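Structure first, commentary second.
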There are 2 protein chains.
Amino acid sequence: MKQIDVVGMGPGCREKMTEEAYLAMQQSDVIIGYTVYVDLVRDLFPDKPFLTTPMLRETERCRMAFEEAEKDQRVAMICSGDAGVYGMAGLIYELRESWPEVEIRIIPGITAATGGAAELGAPLMHDFAVISLSDRLTPWEKIEKRLIAAASADFAICLYNPSSKKRSDYLQRACEIMAPYKNPETVCGIVRNIGRDGTETKVMTFAELTVYKVDMFTTVFIGNQETRVIDGKMVTPRGYRDV
Amino acid sequence: MKQIDVVGMGPGCREKMTEEAYLAMQQSDVIIGYTVYVDLVRDLFPDKPFLTTPMLRETERCRMAFEEAEKDQRVAMICSGDAGVYGMAGLIYELRESWPEVEIRIIPGITAATGGAAELGAPLMHDFAVISLSDRLTPWEKIEKRLIAAASADFAICLYNPSSKKRSDYLQRACEIMAPYKNPETVCGIVRNIGRDGTETKVMTFAELTVYKVDMFTTVFIGNQETRVIDGKMVTPRGYRDV
């Protein structure tokens, strides 16, 4: 069976995986992924062969998946969160032209925007924008434009990849760009290690977020004009209450 | 146990539920939800008591959940898709002040943006905006502003609630508002009945979408400048390939 399932495994723990994602891994002949994600599921499938590549080797990892599928192996290509949100689904389709006989199936998963939101309370609720601060694959000017658009139209905003070793000040830069459109008291929040041991959440103001230090395991939430703190939770009302 | 689990049940089928969502329903004393969603899970839990309210009775439904929890019932309040994306998570927190002793837990689920994306291919992949076209709880002017912001900053866009009996022309209106910022050839797609029997997908141009008739079970995807059609699938490249 020449098939690649591109599997969104969610944050990594069994409970936050869908049944479909779990079964795709269980029924596969080989599981392929970035080393760190593979380590999250190794214990769930102790007898399964795993193939890994380090970070940033996405094309190599996808080619490896096609090469395995070519050998009639059923492949589970795993992605943290959702397969189609900063995951491998797109690249698998892009590369497919060289292996047209391989069947592709995309299996969605809980992405950090919704997984993290559940930990913080209900920060998104209504219209929202998801923006990655990584400029490895997107010019920074485009990221800036999106930050301004999302802030000025009062979207709730979820920021992925707010920091890395080389980009330790990017969250601060992003906040400065959005500052003209955001009240400094706007309710914001961060979640670290979503759905894993040691999940941390913190609710703060936009002004506090601007100087807050985050790492690469953090997801950032910026409220809209309506967002408030209820019992320590970050909550964006949908408006139902007044109806 | 005075507890409400606000459960994102995904599109409705067992395979696209997380383990955590399934267990929350299984371990509950009563499942509460909008009639249509309850009908999707009734067969999974044949011995469970269910309480339902019709559409638009969200506050009544949430109060019902608190009243049951007060009686030491463990409540699963179910939402289609994700609990925190146009779901009940926010309203439950808003109402909680009258029932401070009730514990709340939010359980994320596969929302239409990621569930629908998986059916179409990989339309989101990178930065994206989610916008509901329903003006029941949001002034239309704000929706317009968000459409313009998302289109002009070249987000991939996912539209929820693109149509209803009273709003049959809203998708067309939304497209006309975005038209100055979108090439008519921009790749778009629709998904109907995500993750259920009779799922339908269709890939088309932005010009075609403008005159396309959708119903309330449809989710709409609008590509960014990079989105293309590969083997009939809607794919937004992340840019990995050139790295």
Side-chain angles (χ1 to χ4, degrees), chain A residues 8 10 14-20 22-23 56 58-59 82-86 89-91 93-94 96 106-111 114-115 117-118 121-132 136-138 142 145-146 149-150 152-155 230-231 233 235-241 243, chain B residues 8 10 14-20 22-23 58-59 82-86 89-91 93-94 96 106-111 114-115 117-118 121-132 136-138 142 145-146 148-150 152-155 230-231 233 235-241 243:
Chain A
R14 171 70 184 96
E15 311 89 75
K16 289 190 195 290
M17 270 174 208
T18 66
E19 190 66 6
E20 186 181 43
Y22 182 81
L23 290 176
L56 312 185
E58 293 88 359
T59 305
D82 181 69
V85 176
Y86 312 107
L91 187 55
Y93 276 116
E94 288 180 77
R96 193 194 183 188
I106 310 296
I107 297 178
I110 302 294
T111 184
T114 56
L124 303 176
M125 280 320 298
H126 205 252
D127 303 337
F128 67 96
V130 171
I131 303 170
S132 166
R136 185 165 78 94
L137 304 162
T138 306
K142 195 151 200 172
K145 195 172 175 186
R146 287 177 178 160
S152 63
D154 201 31
F155 280 96
I230 301 177
D231 281 343
K233 295 289 181 178
V235 179
T236 300
R238 186 174 168 189
Y240 276 134
R241 223 184 158 184
V243 173
Chain B
R14 172 68 184 97
E15 311 88 75
K16 289 188 195 293
M17 270 175 209
T18 66
E19 190 65 5
E20 186 181 42
Y22 183 82
L23 291 176
E58 294 88 358
T59 304
D82 181 68
V85 175
Y86 312 106
L91 187 55
Y93 276 117
E94 287 181 78
R96 194 195 181 188
I106 311 295
I107 297 178
I110 301 295
T111 185
T114 55
L124 302 176
M125 279 319 297
H126 204 252
D127 303 336
F128 66 97
V130 172
I131 303 170
S132 166
R136 185 166 77 95
L137 303 163
T138 306
K142 195 152 199 171
K145 195 171 175 188
R146 287 178 176 158
I148 291 169
S152 63
D154 201 31
F155 280 95
I230 300 178
D231 280 343
K233 295 288 182 179
V235 180
T236 300
R238 186 173 168 190
Y240 276 134
R241 221 182 159 184
V243 173

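Chain identifiers are assigned alphabetically (A, B, ...) following the order of the sequence lines, protein sequences preceding nucleic acid strands; residue numbering begins at 1 within each chain. From a predicted model like this one, the values you see are computed outputs, not experimental measurements.
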Inset, instruction - Measure A/Ser152 against the heavy atoms of chain B and call it side chain, backbone, both or neither at under 4.5 Å. - result: backbone
Legend entry - Engaged part of A/Val130 at the chain B interface, taking heavy atoms whose separation is under 4.5 Å: both
Inset, instruction - Identify which of A/Gly109, A/Gly121, A/Gly10, A/Gly115 forms the greatest number of heavy-atom pairs closer than 4.5 Å to chain B. - result: A/Gly121
Inset, instruction - Go through A/Ile107, A/Leu23, A/Thr138 and name the one with the most non-hydrogen pairs under 4.5 angstrom from chain B. - result: A/Thr138
Inset, instruction - Using non-hydrogen atoms and a 4.5 Å limit, figure out which bit of B/Val85 sits close to chain A: side chain, backbone, both or neither. - result: both
Legend entry - Side-chain heavy atoms of A/Glu94 within contact of A/Leu91, under 4.5 Å: yes
Inset, instruction - Over 60° means perpendicular and under 30° means parallel, so classify the ring planes of A/His126 and B/Tyr86, tilted if in between. - result: perpendicular
Legend entry - By side chain to side chain contact (heavy atoms under 4.5 Å, CB included) - contacts of B/Ala117 (at least two apart): B/Pro123, B/Leu124, B/Phe221
Inset, instruction - Take B/Asp231 and A/Arg96 through the side chain to side chain contact (heavy atoms under 4.5 Å, CB included) test and state the conclusion after the steps. - result: CA-CA 9 Å; B/Asp231 280 343; A/Arg96 193 194 183 188; 3.2 Å; yes
Legend entry - Portion of A/Lys233 that has a non-hydrogen atom of chain B nearer than 4.5 angstrom: side chain
Inset, instruction - For chain A, find which of B/Ala129, B/Ala83, B/Gly84 contributes the most heavy-atom pairs closer than 4.5 angstrom. - result: B/Gly84
Inset, instruction - Could you walk me through whether B/Glu19 and A/Glu19 pass the side chain to side chain contact (heavy atoms under 4.5 Å, CB included) test, one step at a time? - result: CA-CA 7 Å; B/Glu19 190 65 5; A/Glu19 190 66 6; 3.6 Å; yes
Inset, instruction - Heavy-atom pairs under 4.5 Å with chain B are the metric here; pick the option from A/Ala89, A/Gly8, A/Ala153, A/Ala122 that has the most. - result: A/Ala153
Legend entry - Qualifying residue for side chain to side chain contact (heavy atoms under 4.5 Å, CB included) with B/Ile110, from A/Thr114, A/Ile110, A/Thr111: A/Ile110
